[in-house]
Amino acid sequence: MIDPQKLDRLRTKYSGSGGDDFHDPEFQRVAALQFSGGKRVQPFAGVSTLLDAPYRPDAAEAADFGGLDIALIGVPMDLGVTNRAGARLGPRAVRGMERIGPYEHALRMVPAASCKLADVGDVPLSSRFSLEACHGDILAFYNRVMDAGVVPLSVGGDHSITYSILKALGRERPVGMIHFDAHCDTGGPYEGAKFHHGGPFRQAVLDGVLDPERTVQIGIRGSTEYLWEFSYDSGMTVIHAEDIPERGIASVIETARKVVGDGPVYVSFDVDCLDPVFAPGTGTPEVGGLTTREALAILRGLDGLDIIGGDVVEVAPQYDATTNTAHAGAQMLFEILCLSVRALAKRQGKG
């Protein structure tokens with residue numbers, strides 16, 4: 001039987017209150033983003049943007065990117081794929097996802113309320129046919145992002161895009177990386193191309209923009225292990241997918257944090273790190289991958305690291321009638337946003 005005194009207390013506190021009335025200060029911050037005049041924002045209405053952020057394509061035209069702290073950027077390019085094409089549609093698919101955020105309950109934060117954030121649109125690509133030209137465009141765009149002091153969070157596109165992003169972010173000093181993937185992506189050039197999505201991190205190391213000793217690769221599996229010799233030879237830490245249940249999530253997090261240390265870190269999340277049960281919409285699926293719950297737990301365990309940027313890549317929505325892959329990609333992007341906001345506050349002395 002319910003306690004009469006408790007019932008009286010609840011009636012006093014909540015009777016007559018509306019759906020936008022909250023008492024917890026953190027919940028009030030969330031409600032302020034979601035309610036207007038007692039009416040909640042309709043998630044299915046309006047123009048779709050990454051994580052429902054304000055749409056500011058004009059910001060990318062300004063030298064300071066409109067004073068933004070964090071820019072959400074689409075990179076709709078998949079000319080570097082070696083298997084199934086279609087990741088060029090990834091940014092559009094992720095933008096179409098509803099109800100991602102604004103509250104991160106595990107980290108207890110409202111990232112959009114703690115920074116100046118906007119979807120600045122897509123990287124302008126000069127050619128739909130030339131992989132090399134596209135990488136020149138990507139590098140030029142992210143150099144401008146760096147010049148503006150803005151943290152970039154991107155949605156691809158195939159994984160080759162991360163090479164040119166890292167060339168910009170690591171131009172002054174090599175960065176560390178936490179890399180979620182089924183594949184190490186440290187293969188060499190072949191068929192006349194060094195920009196393919198199977199080799200961005202070999203190129204980044206050789207260019208001196210990625211520190212292999214501060215790089216951990218999580219979820220690796222499949223039949224292409226022989227391609228990843230460079231990962232081991234360069235000193236990258238490789239955690240195979242089958243080792244994660246045996247080691248446990250806490251051990252994976254501990255290793256990742258130890259490897260990257262206190263220096264600047266980039267987070268790159270290829271959705272094929274997830275098992276195809278959770279993310280069938282990708283170009284090179286591999287069975288035996290992470291669950292979405294495992295991936296979220298690992299990402300949340302990175303809280304407090306000096307995250308300077310990140311991406312979600314290889315969402316190819318046409319292979320997934322359920323939209324689960326894009327949904328998972330959007331959620332992972334939201335988690336990386338939370339990590340980036342915390343890191344930004346720490347760098348600004350607010351954390």
Side-chain angles (χ1 to χ4, degrees), residues 47-51 53-81 85-96 116-171 175 185 193-197 200-201 203-204 207 209 266-271 283 308-317 326 329-330 332-333 336-337 340:
V47 176
S48 296
T49 65
L50 294 171
L51 304 183
Y55 187 48
R56 291 281 311 280
D58 59 298
E61 300 174 3
D64 66 347
F65 271 71
L68 296 178
D69 296 315
I70 297 177
L72 302 176
I73 305 163
V75 192
M77 195 282 295
D78 64 359
L79 295 175
V81 299
R88 68 184 63 186
L89 302 177
R92 183 175 293 180
V94 174
R95 283 188 173 102
K116 296 177 182 178
L117 170 73
D119 181 337
V120 301
D122 294 339
V123 173
L125 301 172
S126 57
S127 173
R128 74 184 72 185
F129 304 111
S130 171
L131 178 58
E132 291 77 8
C134 287
H135 274 275
D137 297 332
I138 295 167
L139 177 58
F141 187 90
Y142 284 86
N143 271 328
R144 293 184 55 243
V145 174
M146 279 291 291
D147 291 341
V150 175
V151 175
L153 300 182
S154 311
V155 177
D158 71 58
H159 216 158
S160 73
I161 72 168
T162 311
Y163 167 48
S164 292
I165 296 173
L166 288 174
K167 283 190 71 174
L169 270 63
R171 68 189 187 187
V175 302
D185 293 352
K194 72 172 185 177
F195 291 116
H196 62 84
H197 71 168
F201 305 124
Q203 298 301 325
D207 282 353
V209 297
Y266 189 83
V267 179
S268 188
F269 193 99
D270 186 330
V271 293
I308 61 167
D311 60 48
V312 172
V313 297
E314 300 284 355
V315 174
M332 303 308 162
L333 181 67
I336 299 172
L337 169 63
S340 301

Looking only at heavy atoms, which two atoms of His196 and Leu131 are closest? And how far apart?
N-CD2, 4.3 Å
Looking only at heavy atoms, which two atoms of Gly80 and Ser160 are closest? And how far apart?
CA-OG, 4.4 Å
Rounded distance [0.5 Å steps], CG in Leu72 versus CG in Leu333:
6.0 Å
Below 4.5 Å, heavy atoms only, C-beta onward: do Val145 and Val120 meet side chain to side chain?
no
Indicate yes or no: at least one non-hydrogen side-chain atom of Ile138 is less than 4.5 angstrom from one of Phe195.
no
Donor-acceptor contact below 3.5 Å, side chain Arg92 vs main chain Pro76:
no
Looking only at heavy atoms, what is the nearest atom pair of Pro91 and Gly157, with distance?
CD-N, 3.9 Å
How many angstroms lie between OG in Ser164 and CG in Leu169, if you round to the nearest 0.5 Å?
11.5 Å
Decide yes or no for Arg144 and Val150: does some side-chain heavy atom of the first lie under 4.5 Å from some side-chain heavy atom of the second?
no
Could you tell me whether a side-chain N or O of Asp207 sits under 3.5 Å from a main-chain N or O of Val209, the two making a donor and an acceptor?
no
Could you measure the distance from the CG atom of Asp122 to the CZ atom of Phe141? Nearest 0.5 Å is fine.
9.0 Å
Residue pair His197 / His159: nearest heavy atoms and the distance that separates them
CB-N, 3.7 Å
Distance (rounded to the nearest 0.5 Å) between Glu314 CD and Asp158 CG:
5.5 Å
How about Gln203 and Lys167: do any of their side-chain heavy atoms sit closer than 4.5 Å?
no
Would you say the side chain of Asp119 lies within less than 4.5 Å of the side chain of Arg56, judging by non-hydrogen atoms?
no
Nearest heavy-atom pair of Pro152 and Ile73: which atoms, and what distance?
CB-CD1, 3.9 Å
Output for pair (Leu139 CG, Ile161 CD1), nearest 0.5 Å, gives 13.0 Å
Pairwise side-chain contact, Val155 with Val315, heavy-atom cut-off 4.5 Å (strictly under)
no
In this structure, CZ of Arg95 is separated from OG1 of Thr49 (nearest 0.5 Å) by 8.0 Å
For Asp311, what residues pass the side-chain hydrogen bond (donor to acceptor under 3.5 Å, both in side chains) criterion, not counting sequence neighbours?
Thr162, Tyr266, Ser268
Residue pairs passing the side chain to side chain donor-acceptor pair (under 3.5 Å) test where at least one lies in residues 63-80, sequence neighbours excluded:
Asp78-Arg88
Could you walk me through whether Leu337 and Leu117 pass the side chain to side chain contact (heavy atoms under 4.5 Å, CB included) test, one step at a time?
CA-CA 10 Å; Leu337 169 63; Leu117 170 73; 4.0 Å; yes
Looking at Gly74 and Leu50, what are the two nearest heavy atoms and their distance?
N-CD1, 4.3 Å
